Amino acid sequence: MCDLHVSDAVRYTGVDDTTIDLFESQYPAPNGVSYNSYVILDEKVAVLDTVDRRAAAQWLQNLEEQLAGRRPDYLVLHHLEPDHAGSVGMLLEKYPDVAVVGNAKTFAMLPRYFPGDYSARSVTVKEGDTLSLGTHTLTFVMAPMVHWPEVMVSYEAREKILFSADGFGTFGALSSGESWDAEAARYYFNIVGKYGAPVQALLKKAAGLDIRTICPLHGPVLRENLGYYIDKYDRWSRYEPEEPEGVLVAYASIHGNTAKAAKKMAEILEKKGCARVVLLDLCREDQAAAVEQAFRCGRLAALSATYDGGLFPAMDHFMAHLRDKTYRSRRVALIENGSWAPAAVKVMRGYLEAMKDIAICETTHTIQGAVKDADIAAMEKIAEELLA
């Protein structure tokens with residue numbers, strides 16, 4: 001674990017969870033996830049966040065090794081979500097004299113997870129407050145709704161480290177060796193992405209700091225080329241597509257006819273010069289990956305079968321996810337399939353009209369069963385409108 005340490009004084013005590021299958025019981029984690037925790041060793045000792053209780057035993061062992069007989073003076077809680085604060089109770093039981101550092105919202109929420117009276121051991125901080133540990137000093141920056149209301153980050157002035165809570169995090173255990181780029185976008189758009197305005201507010205505060213290292217609560221510690229990561233977050237939180245001309249062709253097909261239409265649509269788009277076309281079967285693709293691609297691309301072609309008078313469930317799930325993650329500022333084309341009483345376009349339009357700055361192509365189309373020449377001609381016209 002020593003190669004993960006931030007510096008001689010700032011030690012990594014986190015744990016890889018390679019047994020988890022679904023993060024937050026919904027996002028596939030094929031390469032696991034890391035629960036990051038840090039300890040600052042100075043005249044005073046501060047533990048920065050805990051880990052999910054799934055990994056508590058290993059975390060306590062890691063912490064003891066780094067403490068080397070010392071006892072922590074402070075436990076700093078940047079974020080109370082259980083994957084980061086799940087082991088608070090165990091730490092407080094093991095070290096009953098430790099002071100807990102959080103903001104007013106932290107201490108309003110903490111008893112909901114760990115009942116008790118924290119008044120005698122709490123250190124309540126607000127925007128700009130500092131905590132001196134000796135040669136290291138933490139300055140606290142409030143970051144509400146990135147992505148819970150009690151979230152804060154801290155900046156260590158001597159080593160110029162930003163402890164960024166869920167910001168700049170990724171899926172994937174550190175032992176997997178994945179780069180930050182491999183899972184950062186899927187993590188951002190599904191975990192943090194709804195909260196673009198709060199992320200923008202935090203980035204503005206961070207712009208005034210000389211940051212040399214970013215220590216998130218998931219994923220790798222970031223030490224070089226920080227402007228690259230910050231620029232990504234700036235673009236993502238502004239809801240700007242990384243590939244404005246790219247098209248996601250997302251489809252939900254029952255018996256394969258809508259799938260054939262989607263594949264034909266992708267072919268048409270490529271022939272018309274679209275540089276990047278992503279074709280996704282929503283019935284089989286990870287929905288989180290589909291949401292990621294929808295945000296990466298500037299355009300979306302959604303093709304769905306009608307089912308029980310509405311949308312086929314996989315498309316309904318996708319549209320609901322887009323709505324909930326604040327999908328916006330995109331151009332969308334709609335195609336439905338229905339042998340009788342087609343309704344998919346109407347339902348998809350209803351979802352999209354509730355979103356902000358969505359330009360829905362004027363031309364839509366209804367396929368009735370198998371794809372025919374007339375359907376291909378209609379898709380040609382829709383493709384032109386989508387790419388215009």
Side-chain angles (χ1 to χ4, degrees), residues 1-14 33-40 46 48-49 76 78-79 84 127-128 130-131 135-147 151-174 176-193 195-243 292 295-296:
M1 190 175 63
C2 61
D3 60 326
L4 299 177
H5 293 332
V6 182
S7 69
D8 288 342
V10 182
R11 308 293 183 87
Y12 180 85
T13 56
V33 68
S34 69
Y35 309 121
N36 296 347
S37 173
Y38 309 89
V39 60
I40 301 177
L48 278 56
D49 300 292
V76 178
H78 292 104
H79 184 19
H84 306 301
E127 183 79 24
T130 61
L131 179 68
T135 61
H136 293 77
T137 300
L138 291 172
T139 300
F140 297 99
V141 179
M142 300 301 112
M145 298 318 301
V146 185
H147 64 122
V151 172
M152 63 182 186
V153 302
S154 63
Y155 175 70
E156 199 293 299
R158 181 182 182 185
E159 302 197 48
K160 306 183 188 310
I161 301 169
L162 180 69
F163 295 97
S164 60
D166 270 345
F168 301 97
T170 74
F171 296 121
L174 298 182
S176 71
E178 286 187 322
S179 68
W180 184 86
D181 292 271
E183 284 281 34
R186 188 169 73 102
Y187 178 90
Y188 174 84
F189 289 120
N190 289 280
I191 305 297
V192 186
Y195 307 104
V199 171
Q200 279 287 306
L202 179 57
L203 289 175
K204 287 181 173 64
K205 294 179 183 180
L209 302 173
D210 181 7
I211 301 169
R212 304 292 175 85
T213 303
I214 298 176
C215 292
L217 287 179
H218 293 295
V221 170
L222 306 177
R223 306 171 189 269
E224 298 176 353
N225 196 20
L226 297 187
Y228 171 82
Y229 308 111
I230 293 169
D231 286 347
K232 288 279 190 183
Y233 257 58
D234 183 46
R235 178 185 288 273
W236 293 344
S237 59
R238 292 179 189 275
Y239 302 97
E240 295 178 359
E242 289 189 71
E243 301 183 56
E292 173 195 345
F295 276 96
R296 282 185 180 274

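No experiment lies behind these values; they were computed from the predicted model shown. Start at 1 with the first residue, then count along the sequence.
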Requested in this report: Inspect the contact between Arg235 and Asp231 and indicate whether a charged nitrogen and a carboxylate oxygen are less than 4.0 angstrom apart.
Outcome: no
**Report entry** NE2-NE2 distance between His84 and His79, expressed to the nearest 0.5 angstrom
**Finding:** 5.0 Å
Requested in this report: Dump the intermediate steps for side chain to side chain contact (heavy atoms under 4.5 Å, CB included) on Lys205 and Glu127, then the final yes or no.
Outcome: CA-CA 11 Å; Lys205 294 179 183 180; Glu127 183 79 24; 3.1 Å; yes
Requested in this report: Return yes if some donor-acceptor pair links the side-chain N/O of His218 with the main-chain N/O of Ser34 below 3.5 Å, else return no.
Outcome: yes
Report task. Compare all side-chain heavy atoms of Leu138 with those of Thr130 and state whether any distance is below 4.5 angstrom. Result -> no
**Report entry** Nearest atoms (heavy-atom pairs only) where Ser176 meets Ala173
**Finding:** OG-O, 2.6 Å
Query raised in the report: Any chance the side chains of Thr213 and Arg223 put a donor and an acceptor closer than 3.5 Å?
Result: no
Query - Min side-chain heavy-atom separation Met152-Val76 under 4.5 Å - result: yes
Query raised in the report: To the nearest 0.5 Å, what is the distance between CG (Leu48) and CD1 (Ile161)?
Result: 9.5 Å
Report task. For Ile191 and Phe171, run side chain to side chain contact (heavy atoms under 4.5 Å, CB included): C-alpha distance rounded to whole Å, both residues' side-chain angles, the deciding distance at 0.1 Å, then the answer. Result -> CA-CA 10 Å; Ile191 305 297; Phe171 296 121; 4.2 Å; yes
Report task. Look at the side chain of Glu156 and the backbone N and O of Arg158, then say whether any donor-acceptor pair between them is shorter than 3.5 Å. Result -> yes
Requested in this report: To the nearest 0.5 angstrom, please state how far the CG atom of Leu162 sits from the CG atom of Leu209.
Outcome: 7.0 Å
Query - Shortest non-hydrogen separation from Pro144 to Pro198 and the atoms involved - result: O-CB, 3.5 Å
Query - Euclidean distance, Ile211 CD1 relative to Lys160 NZ, rounded to 0.5 Å - result: 11.0 Å
Query - Member of Tyr229, Tyr233, Trp236 meeting the ring pair (Phe, Tyr, Trp, His ring centres under 6.0 Å) criterion with Phe168 - result: Tyr233
**Report entry** Ser164 to Pro216 - nearest heavy-atom pair and separation
**Finding:** OG-CA, 3.3 Å
Query raised in the report: Can you tell me if Asp166 and His147 form a side-chain donor-acceptor pair at under 3.5 Å?
Result: yes
Query raised in the report: Any luck finding a side-chain donor-acceptor pair between His78 and Asp49 under 3.5 Å?
Result: yes
Query raised in the report: Parallel, tilted or perpendicular: which describes the rings of Phe295 and Tyr239, with under 30° parallel and over 60° perpendicular?
Result: tilted
**Report entry** Closest approach of Ser237 to Leu203 (non-hydrogen atoms, all atoms of both residues)
**Finding:** OG-CD1, 3.9 Å
Query raised in the report: Under the side chain to side chain contact (heavy atoms under 4.5 Å, CB included) criterion, do Phe140 and Val153 qualify, and how do the steps go?
Result: CA-CA 6 Å; Phe140 297 99; Val153 302; over 6 Å; no
Report summary line: Of all heavy-atom pairs linking Pro220 and Thr170, the shortest is CD-OG1, 3.8 Å
Query raised in the report: Is the count of non-hydrogen atoms from other residues, nucleotides or ligands lying under 6.0 Å from Asp8 atom CG greater than 12?
Result: no
Query - Any side-chain donor near an acceptor of the partner, Thr13 and Ser37, under 3.5 Å - result: yes
Query raised in the report: Is the shortest heavy-atom distance from the side chain of Leu202 to the side chain of Tyr195 under 4.5 Å?
Result: no
Query raised in the report: Which word best sums up how the rings of Trp180 and Tyr228 line up, parallel for under 30°, tilted for 30 to 60°, or perpendicular for over 60°?
Result: perpendicular
Report task. Could I get the full list of salt bridge (charged side-chain N to carboxylate O under 4.0 Å, His left out) partners for Glu292, not counting sequence neighbours? Result -> Arg296
Report task. Answer whether the closest heavy-atom distance between the side chains of Arg238 and Gln200 falls below 4.5 Å. Result -> yes
Query raised in the report: Does a donor on one side chain and an acceptor on the other come within less than 3.5 Å for Tyr12 and Asn36?
Result: yes
**Report entry** Over all atoms of both residues, closest heavy-atom pair of Gly128 and Thr139
**Finding:** O-CG2, 4.0 Å
Report task. Kindly compute the distance separating SG (Cys215) from CG (Leu222), expressed to the nearest 0.5 Å. Result -> 8.5 Å
Requested in this report: Using a strict cut-off of less than 4.0 Å between a Lys/Arg side-chain nitrogen and an Asp/Glu carboxylate oxygen, indicate whether Lys232 and Asp234 qualify as a salt bridge.
Outcome: no
Report task. Carefully, step by step, assess Tyr38 and Val6 under the rule side chain to side chain contact (heavy atoms under 4.5 Å, CB included). Result -> CA-CA 9 Å; Tyr38 309 89; Val6 182; 4.2 Å; yes
